[in-house]
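Below you'll find the structure, written out as structure tokens, and then a few comments.
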2 protein chains.
Amino acid sequence: MAKAARTRISVWLENSGTAGTGTGSGTGAGSGTGTSTGAGAARATRTRRGEQPSGLDRDRITEATAKLLDAEGLAKFSMRRLAGELGVTAMSLYWYVDTKDDLLELALDRVFGEFPDRAAAGGPGPDVGPSWQTELRELAAEYRALLVRHPWVSPLLGNFLNVGPHALRFAAAVQRVMARTGLSPAAQRGAIPSVFQFVYGFGTVEGHFRQRCAEVGMEQDEYFRKAMAEFTMPPEMAETFQHTERVMEEMDSGETVEQIRDRDFRTALDLQIAGIEALVAREPDRG
Amino acid sequence: MAKAARTRISVWLENSGTAGTGTGSGTGAGSGTGTSTGAGAARATRTRRGEQPSGLDRDRITEATAKLLDAEGLAKFSMRRLAGELGVTAMSLYWYVDTKDDLLELALDRVFGEFPDRAAAGGPGPDVGPSWQTELRELAAEYRALLVRHPWVSPLLGNFLNVGPHALRFAAAVQRVMARTGLSPAAQRGAIPSVFQFVYGFGTVEGHFRQRCAEVGMEQDEYFRKAMAEFTMPPEMAETFQHTERVMEEMDSGETVEQIRDRDFRTALDLQIAGIEALVAREPDRG
DNA sequence: ACCTGAACACCGTTCAAGT
DNA sequence: ACCTGAACACCGTTCAAGT
């Protein structure tokens with residue numbers, strides 16, 4: 001009852017449910033072709049001759065999507081709006097993409113392609129190059145920067161599986177650093193979310209705050225002060241919130257919101273790295 | 001240009017922008033009354049006599065909102081749908097609430113009220129009762145449980161400031177444990193997101209996954225296996241993803257997805273606590 | 001004081017039709 | 001093979017009107 005079961009939750013997974021029969025003309029994009037990074041061009045390249053009238057293809061659409069999301073945010077994004085940007089009707093898009101969600105997933109993976117392409121494992125020996133500590137810091141900083149640069153990424157990460165080729169490349173890089181810490185595989189599996197879910201949350205609120213400031217056209221410090229002023233703290237709690245008070249003091253002594261945030265981020269990474277080191281020391285020796 | 005500036009981003013902040021003039025009849029809810037936990041009842045109590053025809057009030061609406069969000073998720077929630085549930089037209093709701101977003105914020109804070117009410121600071125001396133370690137674990141576990149119980153909370157937390165009375169009570173509890181660790185105030189400000197943004201991210205993906213399973217009517221293990229089967233790993237990456245492989249192995253040896261997740265969560269908290277302890281040991285003695 | 005109906009300006013998506 | 005127009009079933013919100 002109620003529409004055929006559809007378990008697929010990602011463009012990157014094989015189509016399932018109603019297997020085989022298919023439901024229409026425009027489906028089946030990228031089944032099995034997705035191993036190379038240029039997966040998005042699948043349908044377009046299949047007909048490489050005679051250029052589409054409007055010059056549309058999956059890649060151009062995905063690119064325009066990311067650009068529009070950067071410019072106006074997730075809330076204002078719509079298929080009609082995007083189509084307008086591309087000089088085409090909304091329905092043309094559905095030739096290249098099954099649903100709006102699929103398109104968002106494509107855009108999501110696209111920006112993960114902005115990560116510098118780290119050397120794969122098995123390159124130089126395990127004891128040359130940067131320590132796992134500094135490489136972990138780098139990865140965290142890059143992830144944070146991505147989330148701040150593209151505030152729309154964060155809500156999408158919450159909704160989709162994110163197993164596109166670029167996201168996988170990043171996940172692999174994460175797993176490789178963790179493997180170098182000396183933690184047991186089981187402990188690595190706890191350490192990964194410990195570090196990168198933290199970064200996710202941190203980058204999310206940071207990006208969101210910056211976006212908000214941009215929308216109202218205020219500086220971050222200005223906006224922070226204003227929000228504090230408007231907010232009437234319940235008096236019985238006032239004493240508990242030492243941190244907020246302290247931030248205000250630090251701002252008064254000339255430090256910016258951004259500087260304070262950077263310092264907090266660094267502290268948190270110090271904490272995480274120290275935590276990993278402690279767990280390693282605690283574990284029975286292994287190889 | 002383009003609509004009067006409106007900086008307010010939370011029901012809990014004083015109305016601002018267009019200050020004084022106001023734009024209509026039904027605005028101005030809760031200006032300054034919000035210090036007590038029962039702030040939502042403000043308008044209703046003001047007219048305590050003669051019971052509204054439909055029995056509507058802000059509290060009942062907020063309650064119904066949370067219930068509907070639990071039942072059908074954020075995506076399917078709408079003012080019209082909620083109104084239907086309350087046996088009323090959508091527009092009636094706008095008498096009690098300015099916008100849909102305000103209502104969502106009210107519901108958000110409401111579920112933060114589910115946290116057990118922790119004793120305020122200044123109760124028993126600092127060295128009786130549970131250690132900061134076990135209290136931190138408890139807070140983390142409760143937060144995780146909240147996010148899993150109400151998967152719609154997570155996306156809302158990303159969008160709103162969340163400075164309602166109940167959320168503040170929780171934040172205060174967090175600050176109090178951190179104050180007991182021995183960290184400097186500056187380090188505390190890094191440690192808080194380190195721990196609780198991790199929990200946020202962890203609880204988010206867990207809650208989301210469970211919701212997905214419920215929607216398609218599958219067990220978690222079943223769904224996990226299915227997703228893995230549908231996913232064709234890029235061959236050059238297969239060797240990197242040891243963890244995923246290992247999870248599959250552990251599932252084959254009888255462990256459930258849930259058990260593995262619990263173990264990972266515990267490991268991450270071990271890591272975080274060890275990290276805090278290391279930072280404390282590293283800092284110059286204080287107090 | 002509280003509630004409604006009609007209307008506005010949007011959505012994502014389907015479907016039959018055009019070229 | 002690619003694109004469109006019209007239509008369906010929705011949104012949040014406003015506004016004038018009812019009781």
Side-chain angles (χ1 to χ4, degrees), chain A residues 2-4 6 22-29 41-61 65 68 72-84 86-105 159, chain B residues 2-4 6 18 22-29 41-61 65 68 72-105 159:
Chain A
K3 287 198 170 188
R6 163 175 158 141
T23 58
S25 47
T27 56
R43 175 173 278 126
T45 44
R46 214 179 298 148
T47 29
R48 168 166 329 246
R49 96 171 16 251
E51 296 290 302
Q52 276 90 331
S54 58
L56 230 53
D57 70 60
R58 236 197 191 197
D59 237 41
R60 248 174 61 76
I61 292 176
T65 300
L68 192 55
E72 314 205 335
L74 187 56
K76 284 188 189 156
F77 178 83
S78 81
M79 296 299 269
R80 288 169 151 102
R81 180 82 185 69
L82 173 66
L86 289 163
V88 101
T89 68
M91 303 74 204
S92 325
L93 301 173
Y94 285 97
W95 181 258
Y96 300 93
V97 128
D98 275 5
T99 68
K100 184 193 181 190
D101 278 1
D102 283 4
L103 182 51
L104 290 175
E105 257 190 296
N159 267 318
Chain B
K3 287 198 171 189
R6 163 175 158 141
T18 68
T23 58
S25 48
T27 56
R43 175 173 278 127
T45 44
R46 214 179 299 151
T47 30
R48 168 167 328 247
R49 99 171 11 253
E51 297 290 304
Q52 278 90 332
S54 58
L56 230 53
D57 70 59
R58 235 198 191 197
D59 237 41
R60 249 175 60 75
I61 292 176
T65 301
L68 192 55
E72 315 205 335
L74 186 56
K76 282 187 191 158
F77 178 83
S78 81
M79 296 299 268
R80 287 168 151 103
R81 180 82 184 69
L82 173 66
E85 212 70 25
L86 290 163
V88 101
T89 69
M91 302 74 206
S92 327
L93 301 174
Y94 285 96
W95 181 259
Y96 301 93
V97 129
D98 274 5
T99 67
K100 183 194 181 190
D101 277 1
D102 283 3
L103 182 51
L104 290 175
E105 257 189 298
N159 267 318

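A note on names: the letters A, B, ... follow the listed sequences, proteins ahead of strands, and every chain is numbered from 1.
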Distances under 3.5 Å between protein N/O atoms and the N/O atoms of nucleotides 17-19 of chain D, please, pair by pair.
none

side-chain hydrogen bond (donor to acceptor under 3.5 Å, both in side chains) filter on R80(A), not counting sequence neighbours, yields none

Atom C1', compared across dC15(C) and dC3(D): separation rounded to whole Å: 14 Å

If you measure from [atom1] on [X] to [atom2] on [Y], what distance do you get to the nearest 0.5 Å?
| X | Y | atom1 | atom2 | result |
| --- | --- | --- | --- | --- |
| R60(A) | Y96(A) | CZ | OH | 9.5 Å |
| L82(B) | I61(B) | CG | CD1 | 7.0 Å |
| T89(B) | Y94(B) | OG1 | OH | 11.0 Å |
| M79(A) | T65(A) | CE | OG1 | 7.5 Å |
| L74(B) | N159(B) | CG | CG | 9.0 Å |

Protein N or O to nucleotides 8-14 of chain D N or O, pairs below 3.5 Å:
unit_1	atom_1	unit_2	atom_2	d
dC11(D)	OP1	S78(B)	OG	3.2
dG12(D)	OP1	M79(B)	N	3.4
dG12(D)	OP1	K100(B)	NZ	3.2
dG12(D)	OP2	M79(B)	N	3.2
dG12(D)	N7	R80(B)	NH1	2.4
dG12(D)	O6	R80(B)	NH2	3.2
dT13(D)	OP2	Y94(B)	OH	2.7
dT13(D)	OP2	K100(B)	N	2.8

Under a 3.5 Å limit on both distances, the Watson-Crick or wobble mate of dC15(C) is dG5(D)

Would you check if L93(A) and L86(A) make a side-chain contact, meaning some heavy-atom pair closer than 4.5 Å? yes

Given dC3(D), is OP1 or OP2 found less than 4.0 Å from the side-chain N or O atoms of S92(A)? no

Check whether any side-chain nitrogen or oxygen of W95(B) sits under 4.0 Å from OP1 or OP2 of dC2(C), and answer yes or no. yes

Using side-chain contact (heavy atoms from CB on, under 4.5 Å), reason through F77(B) and L104(B) one step at a time and then give a plain yes or no. CA-CA 10 Å; F77(B) 178 83; L104(B) 290 175; 4.0 Å; yes

Please report, rounded to the nearest Å, how far the P atom of dC3(C) is from the CG atom of L86(B). 11 Å

